[in-house]
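This one's a predicted model, so the numbers in the text were calculated from it and none came from an experiment. All ligand and atom numbering here is 1-based and tracks the order in the structure.
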Amino acid sequence: MHKDHIYAEPLAHIQDFRFDDQVADVFPDMIQRSVPGYQSIIQTIGQLTNRFQQADSHYYDLGCSLGAASLAMRRNISAAGCKIIAVDNSAAMVQRCQRHLEAFRSEVPVEVIEGDIRALALSNAAMVVVNFTLQFLAKQDRASLLTRIYQALKPGGILLLSEKIISPHAHSNQLLVDLHHDFKRANGYSELEISQKRTALENVMQPDSIEEHQQRLQLAGFEESTVWFQCFNFCSMIAFKQP
Ligand SMILES: Nc1ncnc2c1ncn2[C@@H]1O[C@H](C[S@+](CC[C@H]([NH3+])C(=O)[O-])CC(=O)[O-])[C@@H](O)[C@H]1O
Ligand SMILES: O=C(O)C(=O)Cc1ccccc1
């Protein structure tokens with residue numbers, strides 16, 4: 001496994017964060033050491049797939065990166081006629097994702113698509129996973145994606161949405177950010193790595209609050225949603241379409 005040293009040396013100019021070859025090469029290490037609970041969330045995606053699977057349905061992994069969520073879904077589908085569709089607009093990620101999925105045998109077909117999830121046709125879905133991807137879309141593009149997801153879900157279908165979040169209260173927000181930085185430090189990132197990456201992410205990742213997410217999910221049509229996981233400023237929600 002390649003270790004993430006991308007921001008280890010002082011950079012004269014810090015470019016906006018991009019999902020290029022350099023990031024794709026170290027991504028498993030980067031996400032593991034940067035996102036508290038990542039592994040538990042992937043495992044829970046598998047568990048939810050097992051519970052909410054429906055025959056003859058699509059399972060979407062939007063912003064799939066290396067396909068960790070697709071692999072978790074694939075391991076847990078036993079119903080007939082199911083297909084996973086994994087989509088990412090980074091060529092570097094999609095190439096490696098395809099290889100990753102081919103490394104394990106399965107009966108469940110997976111289609112890996114290089115493309116923009118804002119322009120993807122969605123249909124017949126039992127489950128849609130948006131695991132730390134919505135935060136990278138421009139704010140004005142987020143609501144329409146959720147609406148299209150709601151419309152593509154079958155009755156009884158679910159959306160799993162994980163995001164970095166901000167707290168609307170300055171004091172608690174600062175504490176959550178500090179606790180996350182402690183987590184990164186404990187996982188071997190230096191002060192320099194933490195601060196240079198924060199700068200690189202500033203323009204490309206704009207988190208919403210949990211309240212904003214809940215309101216947007218409701219406007220998109222979701223009758224019910226719940227936060228099932230939160231650690232510091234990272235959370236994961238499940239939104240339900242009525243059976
Ligand atoms: N408009 C877009 N269209 C398609 N893909 C996009 C778009 N914008 C960003 N991406 C893609 O969304 C992914 C976000 S990473 C997801 C982790 C994965 N879900 C995991 O469960 O391991 C989260 C993180 O790095 O914090 C990247 O691969 C981008 O290329
Ligand atoms: O590293 C961070 O500070 C994050 O917020 C999470 C993250 C993880 C991987 C790519 C981009 C952001």
Query raised in the report: Can you list the steps and then say if F136 with F19 is a ring-ring contact (aromatic ring centres under 6.0 Å, His included)?
Result: CA-CA 11 Å; F136 290 103; F19 292 95; 5.1 Å; yes
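Relative to the ring axis of Y7, K197 does not place its NZ or CZ within 45° and under 6.0 Å from the centre.
The ligand atoms of ligand 2 that sit less than 4.0 angstrom from a heavy atom of K164 are 3 (O), 4 (C), 5 (O). Counting the atoms of ligand 1 from 1 in the order shown, those under 4.0 Å from a heavy atom of G115 are 3 (N), 4 (C). Here is the list of ligand 2 atoms found below 4.0 Å of a heavy atom in K197: 1 (O), 2 (C), 7 (C), 8 (C), 9 (C), 10 (C), 11 (C), 12 (C). Contact atoms of ligand 1 toward Q135: 26 (O) (distance under 4.0 Å to a heavy atom of the residue).
The part of C64 lying near ligand 1 is the backbone, judged by heavy-atom distances below 4.0 Å. In L137, the part holding a heavy atom less than 4.0 Å from any atom of ligand 1 is the side chain. Residue contacts with ligand 1, taken as heavy atom pairs separated by less than 4.0 Å, involve F132 via backbone and side-chain atoms alike.
Between H180 and ligand 2, a contact under 3.5 Å exists for no N or O pair.
Residue contact check for ligand 2: M205 places a non-hydrogen atom closer than 4.0 Å to it.
Counting only heavy atoms of the protein, atom 1 (N) of ligand 1 lies nearest to D116 OD1, 3.0 Å.
Inspection of the D116 and N89 side chains reveals no N or O donor paired with an N or O acceptor under 3.5 Å. Side-chain atoms of Q206 and Q135 include no donor-acceptor pair closer than 3.5 Å.
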